[in-house]
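This chain uses plain numbering: 1 for the first residue, then up along the sequence. One-based numbering, in listed order, for ligands and for the atoms of each.
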Amino acid sequence: MRSSAESQALFEKALQCIPGGVNSPVRAFRAVGGNPFFAVRASGATVWDADDNEYIDYVGTWGPAILGHAPRVVVDAVQKTAEHGTSFGIPNPLEVRMAELVINAVPSVEKVRMCNSGTEATMSAIRLARGFTKRNKIIKFEGCYHGHVDSLLVKAGSGALTLGQPDSAGVPPEFTSQTIVLPFNDVEAVRGAFADHGPDIAGIILEPVPANAGLYLPRDGYLEFLREITAGHESLLVFDEVMTGFRLGLAGAQGRFGITPDLSCFGKVIGGGLPVGAFGGRSEIMDCLAPDGPVYQAGTLSGNPLAMAAGVAVLEALTDGAVYEKIDALAQALSDGLAKAAKVAGVAVQLQRIGSMSCCYFANAPVHNMAEAMQSDRDRFGKYFHGMLEEGVYIAPSQFEAGFVSAAHDEAAIEKTVAAASKVMKSL
Ligand SMILES: *Cc1c(COP(=O)(O)O)cnc(C)c1O
């Protein structure tokens with residue numbers, strides 16, 4: 001058994017002074033039972049806890065750690081930048097460098113504004129979509145998570161789904177009355193919404209690859225259909241690429257699928273492990289933001305030099321594309337290994353993957369939407385999670401999260417993980 005005395009003591013203290021002992025709900029292990037461990041350091045693909053246990057990490061701080069933990073380029077950039085000041089509230093050169101990197105990487109983005117989290121990015125993008133179109137209604141999909149924005153906390157994924165609270169208390173019905181929620185991958189549902197509300201629909205916001213209810217892919221032609229129907233109604237197509245941006249390739253999911261959204265939201269990888277979000281798109285739309293236009297959006301720490309330095313260091317390291325080849329191949333080896341381990345153990349799983357993101361659903365049939373994700377065996381997942389933790393492998397403490405491979409993982413780590421899974425699956 002792993003020792004956990006230090007983590008236990010910290011969690012007991014945390015429970016006294018932080019709601020649920022955590023600053024973001026999924027961290028609390030509620031979906032899998034037990035208490036969280038406390039991380040004290042991380043390097044490459046490895047995290048160490050307060051009791052000095054080490055884990056191969058497939059959470060990667062929920063996506064940002066594409067180069068692994070504490071990569072030299074990021075640590076150096078942050079240290080060097082900090083020497084000259086941690087925040088100015090005055091334009092700084094790193095903001096321009098960051099904007100150029102994003103615009104060069106993502107063809108649909110002509111202008112971009114930085115903010116401090118993925119939630120801020122989606123909140124601002126939606127406000128902008130409404131301001132630009134002068135319409136109020138937004139379509140979102142069941143199981144897609146766009147941060148904790150009031151109007152989008154309906155049938156939301158991630159922690160909201162994990163904890164059985166896809167709709168949040170504290171959000172007045174008026175705030176969500178302009179949100180139309182539809183099942184993902186369902187063409188007729190979207191057609192119906194446009195037939196009923198077309199002239200009032202400001203836009204559709206979606207995760208082009210939904211990865212907050214596990215991970216499922218858009219069906220062939222679905223994203224193209226959404227592009228066409230929004231264009232036909234002069235509504236905006238808003239891709240929430242907070243997770244997929246710079247993860248599925250330099251141009252994110254839109255690059256992989258060849259779709260040009262009107263607006264895109266970023267977070268996670270773009271901040272290199274610091275608190276960053278961004279949203280961007282066509283100049284014509286972005287110019288509606290203050291100070292040029294009537295849509296207000298701001299931030300004391302937006303474009304913060306430390307955050308920009310970290311993000312720029314990561315994006316520069318990704319520019320030649322070599323990292324993606326490596327992590328995609330490792331993720332494929334991992335998925336193949338896990339599928340084989342499950343087969344040998346006689347455990348029904350669906351290994352769903354794109355690029356370096358994957359999900360192992362304990363389910364009998366492939367998953368295409370939230371309702372199908374809900375069919376997975378979450379008790380079995382909980383046993384699997386704790387079994388893997390005992391073996392020194394940390395995966396997200398919920399069936400409804402994706403896992404990530406980083407450039408710091410290697411074949412040895414994958415082999416060790418598959419060996420652990422082979423053992424654990426036999427005990428399920
Ligand atoms: C994580 C996530 C968000 C929210 O980002 P925060 O930085 O946690 O506010 C929004 N959208 C998607 C798709 C995400 O995965």
Side-chain angles (χ1 to χ4, degrees), residues 22-28 58-66 106 113-127 129 138 140-163 166 168 179 184 203-218 223 237-248 252-254 256-257 261 263-280 297 299 301-302 304 307 310-311 314 354-359 370 373 396-398 400-404:
V22 291
N23 281 312
S24 194
V26 234
R27 295 179 199 166
Y58 290 96
V59 182
T61 182
W62 303 91
I66 194 166
V106 188
R113 184 164 276 177
M114 305 308 297
C115 51
N116 305 290
S117 68
T119 296
E120 271 187 53
T122 58
M123 177 185 78
S124 306
I126 281 196
R127 184 183 307 144
I138 295 282
K140 86 168 282 281
F141 296 104
E142 291 172 6
C144 282
Y145 177 67
H146 305 294
H148 59 105
V149 179
D150 278 342
S151 66
L152 298 176
L153 276 180
V154 255
K155 303 233 164 109
S158 190
L161 181 60
T162 296
L163 304 174
S168 174
T179 309
F184 192 78
I204 298 182
I205 185 166
L206 74 151
E207 300 179 66
V209 178
N212 280 289
L215 177 87
Y216 41 86
L217 299 186
L223 298 177
L237 184 63
V238 183
F239 271 14
D240 177 353
E241 297 232 37
V242 169
M243 199 184 290
T244 50
F246 300 97
R247 164 62 65 179
L248 293 183
Q254 55 193 274
R256 273 208 190 220
F257 290 95
L263 289 174
S264 302
C265 305
F266 302 97
K268 300 193 169 126
V269 171
I270 205 176
L274 272 81
V276 180
F279 62 104
Q297 190 276 338
L301 292 173
S302 295
N304 170 272
V314 169
I354 180 168
S356 57
M357 303 164 58
S358 63
C359 176
M370 183 175 93
S398 164
F400 301 129
E401 300 285 350
F404 305 96

- Item | Heavy-atom side-chain proximity of I205 to L152 below 4.5 angstrom | yes

- Item | Residue list, ring-ring contact (aromatic ring centres under 6.0 Å, His included) with F184, at least two apart or on another chain | F141, Y216, Y222

- Item | With F246 via ring-ring contact (aromatic ring centres under 6.0 Å, His included) - residues at least two apart | F266

- Hey, which residues fall under 4.0 Å of ligand 1 on heavy atoms? S117, G118, T119, Y145, H146, G147, E207, N212, D240, V242, M243, K268

- Taking salt bridge (Lys or Arg N to Asp or Glu O under 4.0 Å) as the test, write out the residues that go with R27, two or more places apart. none

- Task: Verify whether one side chain among S398 and E401 offers a donor that lies under 3.5 Å from an acceptor in the other.
- Result: no

- If you measure only the distance, is there a donor-acceptor pair under 3.5 Å linking the side chains of S124 and R113? no

